[in-house]
Amino acid sequence: MAAVAVPGQIAREAPQASTPPSSPKKHAPRLLVLDGLRLVAATMVVAGHWLGTGIIYVPYGPTVKPWGKLGEQQFPGLTHSFAAWGWMGVELFFLISGFVICMSAWGRSLGQFGLSRVARLFPAYWFGVLVSAGVLVFLPSLGAKPRSGFASDLMTNLTMAQTAYGVGNLDAVYWTLWQELLFYLLFGIVVAMGLTYRRVVLFCCAWTVASLIAAASGDSLLNAAVQPHYSPFFISGVAFFLMYKFGPTMLLWGLVVFSFLLGQHGLYNDAVTGAKAWNWHDPMWHGTAILITFYVIMSLVATHKLDWIRWRFLITAGALTYPLYLLHQDIGFTAIKYLHDKIAPWPLVLGLYAAMLVFSWLVHRLVEKPGSRWLRKGINKSLAAMHEAPAANA
C-alpha cells in the first residue's frame, strides 16, 4: 500500500458551527469518502507498478521487466503520463492515515489503540507475506533465487519490523508499513497521555520541529525515528482531522501549508530519482499538481464539504484496499510475466485488476475478518489478565 493507511471503521462527526476547539463534536455515521480515497490510492500504486515503471525489484533476484520492456515503452503517451505518477498514491495513503489514526484513537486508551492497529494490520499482512514467499519459490518466473537465509528472512518479515534489522522486504510494497509503524509509535506517546485538542496540536508542532532538526543533522538514527521525508503527510492528515472535529483555525491551516511545502520538496527529489531509474521524462510539475489535488480533496473532507458522499458501495471499496495493496505486485507481475505474450496488454491489465479485486475481497472475508476477531479476543484477554494481576507478585 502502501502502503498502506488502513483504518478500521471510518466515522465522521457532525458539524456544530459554534463548537469551540475544546469541545469535541458528537459522533455521526461513517465517513465513506475516505473509503473511496483509499481505493483510489491503492489503484494509483497498482497502475504505477504495472503500467508506469514496468519494473519489479525481486528479492534474491535481478531487476525484472515483466512486460519485457519499460512501462513507458509498453504504454506510451497519455497512459504513461498518468501511470508514471501512480507511486504518489503512497503520499495520499499517508495523508489519510494521519486523519484516520487520530480519529480512531480519540477516546481510546493506549492498549485499545495498540489492539486496534495490531488486529487491523497483521492478519492480511501475514497472509500476504506467505503468498509472496510462495510466489517467489514456486512460481519463479521473476527470477528469484532464494538463498540459504530465505527462511530466516521470511520469519523476520512476519514481524513487520524487518527494516529495523536490515532484512529485505519479500514484497517491495512493505516498506510503507514500516513508515506507518513508526507513526503509530510516535502517536502512541500522546495517546498514552490522553488525546486532547491541545496535546495533538502540540504533538504536530513538536514532530515538525523534530523533523527539521533530523533533516538538518543528517543523523541516521534520528532520521529513522522521526522520518522527516514522510512526516509532513502524516502531520497534515492529523491537522485535517482536527479541523474536521473542532473546526479550522489559522494554526491548523499553518501546519497544513508548512507541511505541504516541506513534503513537496521530498516529492520532487523522489521524482527526479524515479525519472532516472525508470527512464521517464514527464514534467516534474505534474507531481506537484497531483499533490496539490490531494491536499485540496483532504481540505474539502476536513471542512465537511464532502459529507454528502454516502454511497454504501464505498465500504466495500475501502475493505478491498489493504489486501489489494499487499498482494498486487508479486502476484500481478508474475501473471504479467507468464501471460504478456499471450494476451493483449489492456485486456490483460484490466482482467488482472478485476481478478485482484475479487481475490482481495476473498482475503478480506476469509482472512482479515476472522483473523482480526481472533487477535482482538486474544489480546483483550491478555490485557485483562495484566489489569487483574496484582501490582507486586510474591
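The residues of the chain are indexed from 1 along the displayed sequence. Note that the structure is a prediction, hence the values are computed from the model and not measured.
- Between Leu121 and Glu180 there is no side-chain heavy-atom pair separated by less than 4.5 Å.
- The side-chain heavy atoms of Gln179 and Phe183, taken from C-beta on, include no pair separated by under 4.5 Å.
- Atoms CG and OG1, on Leu39 and Thr321 in that order, are 4.5 Å from each other to the nearest 0.5 Å.
- A donor atom on one side chain and an acceptor atom on the other are found under 3.5 Å apart for Asn169 and Gln162.
- Looking at heavy atoms from C-beta onward, Glu91 lies in side-chain contact with Tyr230 at the 4.5 angstrom threshold.
- Heavy atoms only, all atoms of each residue included: Leu324 and Met356 are closest at CD1-CB, 3.8 Å.
- With sequence neighbours excluded, the residues satisfying side chain to side chain donor-acceptor pair (under 3.5 Å) with Asn269 are His265.
- Partners of Arg199 under the side chain to side chain donor-acceptor pair (under 3.5 Å) rule, at least two apart in sequence or in another chain, do not exist in this structure.
- Sorted by first and then second residue, the side chain to side chain donor-acceptor pair (under 3.5 Å) pairs with a member in residues 255-264 form an empty list; sequence neighbours excluded.
- Every residue meeting the side chain to side chain contact (heavy atoms under 4.5 Å, CB included) condition with Leu222, not counting sequence neighbours, appears here in chain and number order: Ile213, Ala214, Ser217, Asp219, Val226.
- Partners of Ser211 under the side chain to side chain donor-acceptor pair (under 3.5 Å) rule, at least two apart in sequence or in another chain, are Ser231.
- Looking at Ile189 and Phe203, their side chains never come closer than 4.5 Å, going by heavy atoms from C-beta outward.
- A heavy-atom distance below 4.5 Å is found between the side chains of Val173 and His49.
- Environment of OH in Tyr165: sparse, with no more than 12 heavy atoms of neighbouring residues, nucleotides or ligands closer than 6.0 Å.
- The neighbour count for Lys342 NZ, taken as heavy atoms of other residues, nucleotides or ligands under 6.0 Å away, is above 12.
- Under 3.5 Å, the side chains of Ser132 and Tyr174 contain a donor-acceptor pair of N or O atoms.
- A ring-ring contact (aromatic ring centres under 6.0 Å, His included) with Phe234 is found for exactly one of Phe93, Phe240, Phe241, Phe94, namely Phe94.
- Counting only residues at least two apart or in different chains, ring-ring contact (aromatic ring centres under 6.0 Å, His included) contacts with residues 350-377 are absent.
- Every salt bridge (Lys or Arg N to Asp or Glu O under 4.0 Å) that Glu368 has, sequence neighbours left out, goes to Arg120.
- The environment of Tyr268 atom OH is sparse: at most 12 non-hydrogen atoms of other residues, nucleotides or ligands sit within 6.0 angstrom.
- Within the structure, side chain to side chain donor-acceptor pair (under 3.5 Å) contacts touching residues 284-298 (residues at least two apart or in different chains) are Ser236-Tyr295, Asp282-His286.
- Side-chain contact between Asn380 and Lys377 is absent, with no heavy atoms from C-beta onward closer than 4.5 Å.
- Leu202 pairs by the side chain to side chain contact (heavy atoms under 4.5 Å, CB included) definition with Arg198, not counting sequence neighbours.
- Partners of Thr208 by side chain to side chain donor-acceptor pair (under 3.5 Å), not counting sequence neighbours: none found.
- In this view, Ala215 and Pro228 satisfy the side chain to side chain contact (heavy atoms under 4.5 Å, CB included) rule, not counting sequence neighbours.
- For Leu262, the side chain to side chain contact (heavy atoms under 4.5 Å, CB included) partners two or more places apart in sequence, or in a different chain, are Leu212, Pro232, Phe258.
- Checked options Trp50, Tyr338, Phe75, Phe333; the residue passing with Trp67 is Phe75 (criterion: ring-ring contact (aromatic ring centres under 6.0 Å, His included)).
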